[in-house]
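The figures here come from the full heavy-atom set of this structure, side chains too, leaving out hydrogens, waters and symmetry mates.
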Amino acid sequence: MLMYKLMSEFHLEWGITLLTLNFSYFLFNSYQIKANWPLSYSTILVSLFVLLWLTFTTQSFILFYVFFECSLIPTIILILGWGYQPERLPASYYFLFYTLLSSLPLLFIIIAHTSIYSSSFLQFWGNFMDKMIFLLAILSFLVKLPVYFAHIWLPKAHVEAPVTGSMVLAAILLKLGGYGLYLVQVLNIYSETTLMGVCLMGGIFSCLICLRQSDVKSLIAYSSVAHMSFVILGMLMSCTYTNMSSILMMVSHGICSSGLFYLSYLFYARIWSRSFLLTRSMISLFPYLCFWWLSLSFLNMGLPPSLNFFSEMYFFIGAFSLDWMVVGLSGILCFLSSCYCIYLYSSTSHGESLYIFKLISMQLKGMYNRKSSSDSVTDFNFR
Amino acid sequence: MSAESVLAQERKRIRDALKLQYQREIYHPEGINNTGAKFDPAVQRFMAMRATSYERFKPTSRRSLLFLFGVYIIPIWSVVYFMDKRLERKESILSSGKVSYRDRTFKFHT
């Protein structure tokens, strides 16, 4: 009953369903995409969106698990088929095996529970749970989110995936873990201070790792780990405000992170590199694009009145009621996340460009020699 | 002239020749249709090195143990330990009834 009450108050499942549908609608109604995408690519994306929609709307935990695992298949096909570096092979292995192996305990728990109680509804799980079983049950969601120490697959998969793969991974697939945690967190009657400590320190380590990245996509991927540590913390605290904070963080991160991945692709389509060494001083060439970089970086760092800001605000309200130590470390986490957002924007948009004259003349020549509207450096290559 | 200064001059000559070749290629007017930045094998090697660092990492026992304990285990353990102590103290005060209703935690929200 508590779960249904929470669902009706927050409408989480419909919120994420709408996000998925809007996302797919936006992608499929872009005229360039219709012109350039092969049928296989569209089919894989449609199947992925259908599976995600089914995952968020199903009321049975067994079906939720089945769709949760099935969404791996089109994602791996996307990475292997349309990624553009040989490193996509180990990336897909990491992605597949991390998710599969971590979700095996959950499968056994669901089967055991269903065989004992003849039902997979969560209301009956309270009698079945003890601390170890709860941790094993949430392990797959923690790996999917991901929690630090189980996050290795994320930068690999995000970097090697094509642009649509990265956007769907960041916007929706990570939130599968958050949604799963949201479903079972009503059963969290344990004070998981160990997991909270791991999330807090893991988030801080992720921010520090972001500050030493040389790959734009890799930085955005590691920033997801830092933001998702907030989500896990909020769910573990079992407080209304921190729950709201987690949900808002999931939605806002889905928008910001996927936007940043798309912007990094737009730079990649022109420079053919994701390196910070080469993508510099882009504001001289693409001032309006850098405006979007600035906006999304500010939204990502939690500048008011973004959703991220409200999420962090609600988190601190809940954390103050729990413990000052959590507040202090979360404050450091917020500060470091602002640091890497500013680093991301200033490194790509400002600074001294090595190739500025070449790029300006290339752009000018492209403008004058364009034969048709599709013959330009802005062609979308579904990468 | 000493042998070292001769070698230094030779290295400078090679460096200047490479710089001149690079600048000629990058600003060549006929090379305008090349999209993106000039392919630099050093940058490519650097990016490949960063991308494959996990596969090539060879830990040494002393530094790895120092990093493991100093950066991961001790900070996380200390955070968890002090958080546990503080929460236990709070719980014991609350459960023994020493906190008045006016000073209860979660006063304004659940």
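B/Val79 approaches A/Met325 most closely through the heavy-atom pair O-SD, 3.7 Å. Across A/Ser321 and B/Lys90, no two heavy atoms sit closer than the pair O-NZ, 3.4 Å.
Here A/Asp323 contributes atom CG and B/Lys85 contributes atom NZ; the two are 13.0 Å apart, rounded to the nearest 0.5 Å. Note that CE of A/Met196 and CE of B/Met83 are 5.0 Å apart. Values are rounded to the nearest 0.5 Å.
Looking at heavy atoms from C-beta onward, A/Val198 lies out of side-chain contact with B/Val80 at the 4.5 angstrom threshold.
Of the atoms belonging to B/Glu55, it is side-chain heavy atoms, and not backbone ones, that fall under 4.5 Å from chain A. If you measure heavy-atom distances from A/Phe320 to chain B, you find no contacts under 4.5 Å at all. With a 4.5 Å cut-off on non-hydrogen atoms, B/Met47 touches chain A through its side chain but not through its backbone. Using a 4.5 Å cut-off between heavy atoms, A/Leu195 makes no contact with chain B at all. Residue contact with chain A, scored on non-hydrogen atoms closer than 4.5 Å, involves the side chain of B/Phe46 exclusively. When heavy atoms are compared at a cutoff of 4.5 Å, A/Val326 approaches chain B solely by way of its side chain, counted from C-beta outward.
Between chain B and the options A/Leu322, A/Leu200, A/Val159, A/Leu329, the largest number of non-hydrogen pairs under 4.5 Å is found for A/Leu322. When A/Glu87, A/Arg212, A/Gln85 are compared by the number of non-hydrogen pairs under 4.5 Å with chain B, A/Arg212 comes out ahead.
With a 6.0 Å radius and a threshold of 12 heavy atoms from other residues, nucleotides or ligands, B/Arg56 has its CZ atom above the threshold.
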Requested in this report: List the steps and the verdict of side-chain contact (heavy atoms from CB on, under 4.5 Å) for B/Ile76 and A/Phe149.
Outcome: CA-CA 12 Å; B/Ile76 294 175; A/Phe149 298 119; 3.6 Å; yes
